[in-house]
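Structure first, then comments.
One is the number of the first residue; the rest follow in order along the sequence. Note that ligands are numbered from 1 as they come in the structure, with each ligand's atoms numbered from 1 the same way.
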Amino acid sequence: MIDDVRAAADAAVARLAEVAVLAEAQALETELLGKKGPFAEFKTRLGGLATVDEKKAVGQAVNEATQRVAAAVQARVAELKRAERAVQLEAERIDLTEVLSRPSRGHAHIVTQAWQRLEDVFVGLGFQVAEGPEVETDWYNFEALNMPPDHPARSMHDTFYVDHGTPGSTVLRTHTSPVQIRVMQRVAPPIYMIMPGRVFRNETTDATHLAVFHQIEGLVIDRGITLADLAGTIESFTKAFFGEGFSSRLRPSYFPFTEPSAEFDIRTPKGDWLELGGCGMVPPTVLRAGGLDPEEWSGFAFGFGIDRMAKERHAVGDVREMYTNDIRFVEQF
Ligand code: PHE
């Protein structure tokens, strides 16, 4: 009988080795070691043996065989679990090298980059940022800025009119200066504000002119502000934005909504002059239009083109190229 027991154990171990699926190995465990298995059967037969010694010897053989089979089952189950896990992992694997072969990441448009850098520099100088509407009333865009209906300066602003309200009363803003008035009406001085945004001129486009472009307006209103504060602010901005090697100058000019008025230029380290924008002191009429008392408050304003800055910075030959959305152009920056 001892031989039978050992032979049964050998057979069991051999069958286990052939099992290739985890569920089958688990089923085999019940079949071999369960109540109806061969070793349970051998145990029931122990009672029928003649001598105590015989019972002892066979009993020991049955125990040994059971242990051997149990160990083999455990090892086989563990092995198959590992194999199944490996198959699962392989199936769920994410190929990260795919990401590397995709097109490279995009970036902000050069005009957006210039806009953001301008905001950063002015915020660093203590300014806050405000925005106004792109569709404006004639009053904010012209009249409040000292350009009554027949003012000759209006002809410099080739205006797009919007079909809304009384004919001629609604425009696409031709500059960001109307936001000056809105800020004065809304914010109690002192005001140190920049106002970037999109503006529109009914013009034929060429290498240096667009019909839709961007400006950034600056407005300072405080007590005792003078032209020296304006010149100093432009100079600080120039150095902060372009670098220490750059400087600025004001050139007398004319704008209806500043008095005195100037244009400001930037001097590059090579000695070239770059025309940047307009500026001047805010006159009493404009302060009053903004609801401020000219006896108490004084200030200055400036404005310049953002697209121009991007064009100069990246030496773009033709401003129109910036809006063709040609990926070969955009990718260069
Ligand atoms: N709004 C003027 C323009 O578009 C620029 C400017 C702004 C001039 C503020 C003076 C003061 O040309």
Side-chain angles (χ1 to χ4, degrees), residues 111 115 118 122 127 129-134 136-148 151-160 171-184 191-203 208-222 225-227 229-235 237-238 248-266 274-287 289-290 292 294 297-309 311 319:
V111 172
W115 179 324
L118 286 165
F122 278 113
F127 284 72
V129 184
E131 285 184 36
E134 293 173 359
E136 263 299 3
T137 63
D138 178 271
W139 190 80
Y140 279 104
N141 195 80
F142 293 119
E143 240 182 289
L145 292 165
N146 232 352
M147 285 181 275
H151 198 283
R154 281 194 181 213
S155 60
M156 282 163 52
H157 297 235
D158 305 281
T159 311
F160 283 116
V171 302
L172 293 184
R173 64 179 178 194
T174 57
H175 52 173
T176 43
S177 299
V179 195
Q180 284 186 37
I181 306 293
R182 292 185 176 274
V183 165
M184 283 189 260
I191 296 167
Y192 290 81
M193 200 77 82
I194 49 157
M195 296 142 264
R198 186 183 286 140
V199 300
F200 309 82
R201 300 244 177 124
N202 191 358
E203 279 187 299
T208 52
H209 294 90
L210 293 165
V212 181
F213 56 105
H214 302 85
Q215 287 188 336
I216 185 163
E217 193 84 7
L219 178 69
V220 167
I221 304 286
D222 208 336
I225 295 290
T226 70
L227 191 67
D229 298 306
L230 168 56
T233 302
I234 299 283
E235 184 69 8
F237 158 75
T238 301
S248 64
R249 75 173 173 199
L250 301 188
R251 238 178 332 108
S253 187
Y254 171 77
F255 296 100
F257 38 92
T258 45
E259 177 61 31
S261 299
E263 264 164 78
F264 61 95
D265 306 331
I266 306 300
L274 171 69
E275 281 181 34
L276 209 60
C279 61
M281 303 307 289
V282 183
T285 42
V286 175
L287 287 169
L292 299 179
W297 303 105
S298 54
F300 62 78
F302 57 84
F304 54 91
I306 299 176
D307 315 71
R308 276 282 308 279
M309 305 280 289
K311 177 182 181 288
V319 274

Donor-acceptor list for residues 195-203 side chains, cut-off 3.5 Å, not counting sequence neighbours:
residue	atom	partner	partner atom	Å
R198	NH1	E134	OE2	3.4
R201	NE	T174	O	2.8
R201	NH2	T174	O	2.9

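Of the candidates R173, E136, Q215, V179 forms a side chain to side chain contact (heavy atoms under 4.5 Å, CB included) with just one, namely R173.
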Verdict with reasoning, D222 to I191, per side chain to side chain contact (heavy atoms under 4.5 Å, CB included): CA-CA 7 Å; D222 208 336; I191 296 167; over 6 Å; no
Once you restrict both partners to nitrogen or oxygen, which atoms of ligand 1 have a protein partner under 3.5 Å, and how far apart are they?
residue	atom	partner	partner atom	Å
ligand 1	1 (N)	H175	ND1	3.0
ligand 1	1 (N)	S177	OG	2.9
ligand 1	4 (O)	R201	NH2	3.2
ligand 1	4 (O)	Q215	NE2	3.0

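Residues H175 and F257 bring their aromatic ring centres within 6.0 Å. A ring-centre distance under 6.0 Å is not found for F127 and F237.
At a threshold of 4.5 Å between non-hydrogen side-chain atoms, the residues T238 and F264 do not count as touching.
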